[in-house]
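One structure below.
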Amino acid sequence: MLQQTQVSTVIPYYARFLASFPDVLALAAAPIDLVIEHWAGLGYYARARNLHRCAQQIATVHAGKFPETEAQLEELPGIGRSTAAAIAAFAFGRRAAILDGNVKRVLCRQFGVAGFPGAKAVHDRLWLLAESLLPENDIEVYTQGLMDLGATLCTRSRPRCGDCPVAAGCVAKRDGRQGELPEAKPRAAVPERTSTFVLLTDGQRLLLERRPPSGLWGGLLVPPEGEPAAVAARFGLALGEATKLPPFKHVFTHFRLTLEPMLCQIDAQFQAAEPGLEWVEIGRAADAGVPAPIKKLIRQVASARG
DNA sequence: GAACCGTGGGA
DNA sequence: TTCCCAAGGTT
């Protein structure tokens, strides 16, 4: 959950998740749709599938117990080099280096590392630095301290260098370049996309469709996407009048999406042959495991019907 | 090696 | 409003 997601955002999701899946075996035994539902709204939904597969591998391949080495941990789905090191260090006291956003920022400033940290050469150098700095003992304290230094003092903007325990050796502070390091990602133009979502309702319920596992909103429930005629054809459905609801924009990291909702009444007796279709009460649809922008869209339907 | 994958908060 | 990016990993 904490991959590319701030702690404060994760906390409520984490609490609900653990309440439903208290241990790795419970998670492994859970249906994937339920896991996805708990993740809805958090983003990066591949993490949910990876975590679920990870639990299943631990249950079956590792007899329910986490492996302890970085190499074995990194073989698990969703666990890369940094997460493997974090588990190895915090759970098993192993001398392993992490490299998250906080550590990158601290290292770039402390050692005056130039270049965008995402560039391979810079990234490689940061990993070498992180490994070279590992203490012989107290790896948990060191690792937590390093991350907390980045999270609380060596912050992106307005770092509190006056309170920093390692300010004396910091290249960025010496040169007054705290605001320039780490260097920003070179930005490309953000693509714009437009997509129509067809809100099929029988007056009480809304028809939602589960998206394929990969890609945007993978595994989540959303209204069928596409032009109304195409959606109708796909479901073998005769559509009545389609009403346009107000469009709205949603800004993702990689593109801007304009959602154009179309509201259509259909027969409650409609049974689609396709799997993955679900009728959901309109009042509950926004909590049925849909991504955040779809929640907005569903609220429009709720208000449109009064 | 670059593109892709969400959402929310801070400035 | 707009941009940046956060306890990164996979394709």
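Order of the sequence lines sets the chain letters (A, B, ...), proteins ahead of strands, with each chain counted from 1.
One finds a salt bridge joining Glu209(A) and Arg234(A) here, because a Lys/Arg side-chain nitrogen approaches an Asp/Glu carboxylate oxygen to under 4.0 Å.
Residue His250(A) places at least one side-chain N or O under 4.0 Å from the OP1 or OP2 atom of dT7(B). For the OP1/OP2 pair of dT7(B) and a distance below 4.0 Å, the side-chain nitrogens and oxygens of Trp217(A) include at least one atom meeting the criterion.
Distance, Lys296(A) NZ to dT7(B) C1': 11 Å, rounded to whole Å. Arg187(A) places its CZ atom 15 Å from the P atom of dA2(B), with the value rounded to the nearest Å. The CZ atom of Phe255(A) sits 9 Å away from the C1' atom of dC5(B) (whole-angstrom rounding). Regarding Leu42(A), its CG atom lies at a distance of 12 Å from the P atom of dG9(B), rounded to whole Å.
Distances were taken from every side-chain heavy atom of Lys120(A) (C-beta onward) to each of dG9(B), dG6(B), dG1(B); the shortest belongs to dG1(B).
At a threshold of 4.0 angstrom between heavy atoms, the contacts of Glu74(A) with the nucleic acid are absent.
The local environment of CD in Glu192(A) is crowded, with over 12 non-hydrogen atoms from other residues, nucleotides or ligands closer than 6.0 Å.
Nucleotides dG6(B) and dC5(C) place their C1' atoms 12 Å apart, quoted to the nearest Å. dA7(C) and dA3(B) have their C1' atoms separated by 23 Å, with the value rounded to a whole Å. Only the C1' atoms considered, dA6(C) is 14 Å distant from dC5(B), to the nearest whole Å.
Looking at which nucleotide of DNA chain C each of Gly78(A) and Leu2(A) is closest to, the 5′-most match is held by Leu2(A). Both Gly218(A) and Ala119(A) lie close to DNA chain B; mapped to their nearest nucleotides by heavy-atom distance, the more 5′-ward contact belongs to Ala119(A).
DNA chain B lies under 4.0 Å from at least one heavy atom of each of the following residues of residues 147-163 of chain A: Arg156(A), Ser157(A).
Remark: Arg16(A) qualifies as a cation-pi partner of Tyr13(A) under the 6.0 Å distance and 45° angle criteria applied to the six-membered ring.
Residues Phe252(A) and Phe255(A) bring their aromatic ring centres within 6.0 Å.
The footprint of chain A on DNA chain C, defined by a heavy-atom cutoff below 4.0 Å, extends from dC3(C) to dT10(C).
Checked by atom type, the side-chain pair Arg105(A)/Thr155(A) shows no donor-acceptor distance below 3.5 Å.
For a distance-only test at 3.5 Å, the side chain of His254(A) qualifies as a donor-acceptor partner of the base of dC5(B).
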